[in-house]
2 protein chains.
Amino acid sequence: MKELKEKIAKEGVILPGSVLRVDSFLNQQIDVELLSKCADKWYETFKDLGITKVLTIESAGIAIAALTALRFGVDAVYAKKTRNSMIGDDYYSTKVVSYTHGQVYDVIVSKKFISPDDRVLIVDDFLANGSALKVLIGLTEMGGATVVGAGVVIEKTYQNGGKDIRELGYRVESLAKIRSMDISEGIVFED
Amino acid sequence: MKELKEKIAKEGVILPGSVLRVDSFLNQQIDVELLSKCADKWYETFKDLGITKVLTIESAGIAIAALTALRFGVDAVYAKKTRNSMIGDDYYSTKVVSYTHGQVYDVIVSKKFISPDDRVLIVDDFLANGSALKVLIGLTEMGGATVVGAGVVIEKTYQNGGKDIRELGYRVESLAKIRSMDISEGIVFED
């Protein structure tokens, strides 16, 4: 998606540890027009597949999920991160390590919001090692629902998450694919 | 807003400690159609006041802010909660106590995203004692920006936050006002 790549090239800041800061349009300030265009792209791809719900993980995914759900005419759901070990029986839960912060969280979603009839589109801001996406796939399948696919804003193809998840048979539609990125060379996109 | 009150009456769950759980349409599963109608309401109220930005606080506010920003054709910004004491000079920050969890956080927003030219609409899910709204007003004003007003989905008028903030001269547009709420009597709305 050309407009998205231009935005990343212009405003993305490369930080040590292969972190890409995109807080001017995606992670703290949100360019809702641009994200609506991302939602349009995913709608083109997934519109005939009976999506009933858009699932993401807090916090960075929420705006993306809300705008995508609006496009599909369905509800959004966000999984929550918690370090409270008292989770109880009302939630599906699994553990995830934050790539950015290195901490371990439980990620939980209420059992009320994932049911066997659901056909779920998962969305997120980044796909790198794939841990968040794998967790969301896991939570969806714990509920007996079907993962129809995943929409990702930015994929780092030099990490293995996207490859792994596609090899498991899931369809992943990333709108900007970064082949390499470092402070001296800048960002190189796929294509 | 009639449709919102009906949704709250039907799906809201009253918990001990004057907590209203609305996770089926606002706090974990998000009814984006309903929130878009909330955004329409705030647009009616604030459309001629030169809003340049919609500000909220993670996580529950983000979907609301994204859909409202889309309606106004501006960017959304969300303040982040952190317990990391190393905040640095790039952020405006202030402290808040979570009503639900009783914990103290720093709430931060990058200085890049609040500027003196901004005319800010603050949005949030709940207004009870007003601590989150006061923090967002404070962060906006630290940046020299103007708080045009606040849009709140659910106000508990039996707590003093809304009264306090209106007495300070801020316009607050709440779409469902709860006069009283308890487990035996249920929810009573204003009007």
Side-chain angles (χ1 to χ4, degrees), chain A residues 11 13 21 23-39 52-84 90-92 100-101 103 108-115 118 125 139, chain B residues 11 13 21 23-39 52-84 90-92 100-101 103 108-115 118 125 139:
Chain A
E11 299 188 14
V13 179
R21 180 190 282 168
D23 60 358
S24 68
F25 61 95
L26 188 56
N27 285 158
Q28 180 167 184
Q29 183 163 265
I30 302 163
D31 182 337
V32 294
E33 298 287 344
L34 181 61
L35 287 191
S36 287
K37 290 174 188 170
C38 294
T52 63
K53 209 155 271 187
V54 176
L55 177 68
T56 193
I57 184 168
E58 68 179 354
S59 287
I62 297 175
I64 302 165
L67 295 165
T68 304
L70 190 69
R71 188 69 187 80
F72 280 84
V74 301
D75 285 351
V77 174
Y78 62 93
K80 299 189 177 196
K81 296 172 186 167
T82 178
R83 271 176 277 181
N84 180 349
D90 296 338
Y91 294 90
Y92 300 114
T100 318
H101 304 105
Q103 291 168 318
I108 65 173
V109 66
S110 172
K111 292 182 180 176
K112 292 181 293 185
F113 307 137
I114 305 281
S115 70
D118 277 322
D125 56 344
L139 291 171
Chain B
E11 299 188 14
V13 178
R21 180 189 282 167
D23 61 356
S24 68
F25 61 96
L26 188 57
N27 284 157
Q28 182 169 179
Q29 182 164 266
I30 302 163
D31 182 337
V32 293
E33 298 288 343
L34 181 61
L35 287 190
S36 287
K37 290 175 188 170
C38 294
T52 63
K53 209 154 271 185
V54 176
L55 178 69
T56 193
I57 184 168
E58 66 179 355
S59 287
I62 296 176
I64 301 165
L67 295 165
T68 304
L70 190 70
R71 188 68 188 81
F72 280 84
V74 301
D75 285 351
V77 174
Y78 62 93
K80 298 188 178 197
K81 296 172 187 169
T82 178
R83 271 175 278 181
N84 180 349
D90 296 337
Y91 294 90
Y92 301 114
T100 317
H101 304 102
Q103 290 168 319
I108 65 173
V109 66
S110 172
K111 291 182 181 178
K112 293 181 293 185
F113 307 136
I114 304 281
S115 70
D118 278 321
D125 56 344
L139 292 170

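In what follows, every chain begins at residue 1, and chains take the letters A, B, ... in the order their sequences are listed.
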(request) With side-chain contact (heavy atoms from CB on, under 4.5 Å) as the test, would you mind laying out the steps for B/Val54 and A/Val32 before giving the verdict? (result) CA-CA 11 Å; B/Val54 176; A/Val32 294; over 6 Å; no
(request) Apply the test side-chain contact (heavy atoms from CB on, under 4.5 Å) to residues B/Glu58 and A/Glu58: give CA-CA distance (whole Å), side-chain angles for both, the deciding distance (0.1 Å), then the verdict. (result) CA-CA 9 Å; B/Glu58 66 179 355; A/Glu58 68 179 354; over 6 Å; no
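Looking at residues two or more places apart in sequence or on another chain, you find a salt bridge (Lys or Arg N to Asp or Glu O under 4.0 Å) between A/Lys37 and A/Glu3.
The shortest non-hydrogen separation linking A/Gln28 to B/Ile108 is OE1-O, 3.8 Å. Between B/Asn27 and A/Tyr78 the shortest heavy-atom distance is O-OH, 2.6 Å. The minimum heavy-atom distance linking B/Ala63 with A/Ile62 is given by the pair N-CG2, 3.7 Å.
A distance of 5.5 Å separates OG of B/Ser110 from CG of A/Asp23, quoted to the nearest 0.5 Å. Atom CD1 of B/Ile30 sits about 11.5 Å away from atom CG of A/Leu70, to the nearest 0.5 Å.
Neither the backbone nor the side chain of A/Ile114 has a heavy atom closer than 4.5 Å to any heavy atom of chain B.
Of the listed residues B/Ser24, B/Ala65, B/Ala69, B/Ala76, the one with more heavy-atom pairs under 4.5 angstrom with chain A than any other is B/Ala76. Between chain A and the residues B/Leu35, B/Leu34, B/Val109, B/Val74, the largest count of heavy-atom pairs under 4.5 Å involves B/Val109. Listed options A/Ser36, A/Ala66, A/Ser59 were ranked by heavy-atom pairs under 4.5 angstrom with chain B; first place goes to A/Ser59.
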